[in-house]
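What you see below is based on every heavy atom in this structure, not just the backbone, and it leaves out hydrogens, waters and symmetry mates. Since we're looking at a predicted model, the values are computed, not measured. By convention here, the first residue in the shown sequence is residue 1.
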Amino acid sequence: MVGVVGGAVVLGVVTGCDAPPPPRPAPGPGAGASKASKAPPRPEASGAPGASKPVAPPGSAAGGPAPETCPEGGVQLREGFGDAAMGLRVADIELVNCGTQPYVLDGYPEVRLLDKQRVPVEVAVVHGSDGITTSVPSVDGSPQRVELQPGQAATVALVWRNLVNDSTVPAAEGWVLDVRPRPGAPRVGLELTHSVDLGNTGKLGIGPWTAAAR
């Protein structure tokens, strides 16, 4: 509406259906959020390449126990089967080729017996069971050549009596075997879970190396 007041032109505002619409508000911080792309999933949750995985400790497979160390000579000892009756003891000791090359044995090992402090026990080590018992096939067999491929094993049988026949002589007991498997080879030790309880007989019989049953 236009009017004249005292010679001046005055403009007035007319409200009604012809009034222009109010200005649109400026976009706020959340404007367009619905059109924005979603954040990609974290690699750890999706299993996609780059996801973090448990790390196995050095020397083990998938977190399992570390493999057993092979000694310098490429062989290791372990206890086998044993039998005890009426004071007579028979036990098998296994020698395993843990190396990467064939290992040849021929004849008898050189055996020493040590106590818990690793002090040598006074004992006569003899080939066969003579003077200990009548006959033990695994101890009294003939020597033979045995070739062990990696992972294969041979056995040597031991025989002794747990007998105290002199009360003035202390009973002897061995807890460690110290073995040279063949001439010139490094010695190999084995801590026993069952002692070689000799009493005071002072004698240990050993057999030749034989191939272990496969």
Check: Pro181 and Val188 side chains under 4.5 Å, non-hydrogen atoms: yes
Atom pair CG (Asp140) and OG1 (Thr133), whose distance is rounded to the nearest 0.5 Å: 9.0 Å
Shortest non-hydrogen contact from Lys203 toward Ile132: CD-CG1, 3.5 Å
Nearest-0.5 Å distance, CH2 of residue Trp209 to OG1 of residue Thr155: 8.0 Å
Residues, nucleotides or ligands: over 12 heavy atoms within 6.0 Å of Gln144 CD: yes
Cluster overlap Leu77 with Val125, hydrophobic side-chain contacts below 4.5 Å: yes
Main-chain N/O of Thr193 paired to Glu79 side chain as donor or acceptor, under 3.5 Å: yes
Over 12 foreign heavy atoms within 6.0 Å of CG, Asp166: yes
Neighbour count above 12 (heavy atom, 6.0 Å) for His127 NE2: yes
Contact check, side chains of Val156 and Leu95, non-hydrogen atoms, under 4.5 Å: no
Shared hydrophobic cluster for Val75 and Val146 (ILVMFWY, side-chain gaps under 4.5 Å): yes
Glu173: partners by side-chain hydrogen bond (donor to acceptor under 3.5 Å, both in side chains), with sequence neighbours left out: Ser195
Heavy-atom closest pair, residues Pro170 and Asn200: O-CB, 3.9 Å
Minimum heavy-atom distance Ser129-Val139, with the two atoms named: N-CG1, 3.7 Å
ILVMFWY cluster, Val196 and Ile206 together (side-chain gap under 4.5 Å): yes
Taking every non-hydrogen atom, the tightest pair across Gly141 and Tyr108: O-OH, 4.0 Å
Reference residue Leu204; test side-chain contact (heavy atoms from CB on, under 4.5 Å); the match among Val123, Val159, Val126: Val123
Heavy-atom closest contact (Pro150 atom, Pro102 atom, distance): CD-N, 4.4 Å
Gap separating the CG atom of Asp115 from the CD atom of Glu122, nearest 0.5 angstrom: 11.0 Å
Pairs satisfying side-chain hydrogen bond (donor to acceptor under 3.5 Å, both in side chains), at least one member in residues 82-96, at least two apart: Arg78-Glu94, Arg89-Asn162, Arg89-Asp197
In one Ile/Leu/Val/Met/Phe/Trp/Tyr side-chain cluster, 4.5 Å: Trp175, Val111: no
Test item: Arg145 side-chain N/O and Asp106 main-chain N/O as donor-acceptor pair under 3.5 Å: no
Side-chain ion pair, Arg112 and Glu110, N-O less than 4.0 Å: no
Audit row: Leu190, Val179, side chain to side chain contact (heavy atoms under 4.5 Å, CB included) steps and yes/no: CA-CA 8 Å; Leu190 175 65; Val179 177; over 6 Å; no
Donor-acceptor contact below 3.5 Å, side chain Trp160 vs main chain Thr201: no
Sub-4.5 Å side-chain heavy-atom contact between Leu177 and Leu113: yes
Distance, nearest 0.5 Å, that separates SG of Cys98 from CG of Leu148: 11.0 Å
Val121 versus Leu198, closest heavy-atom pair with distance: CG1-CD1, 4.4 Å
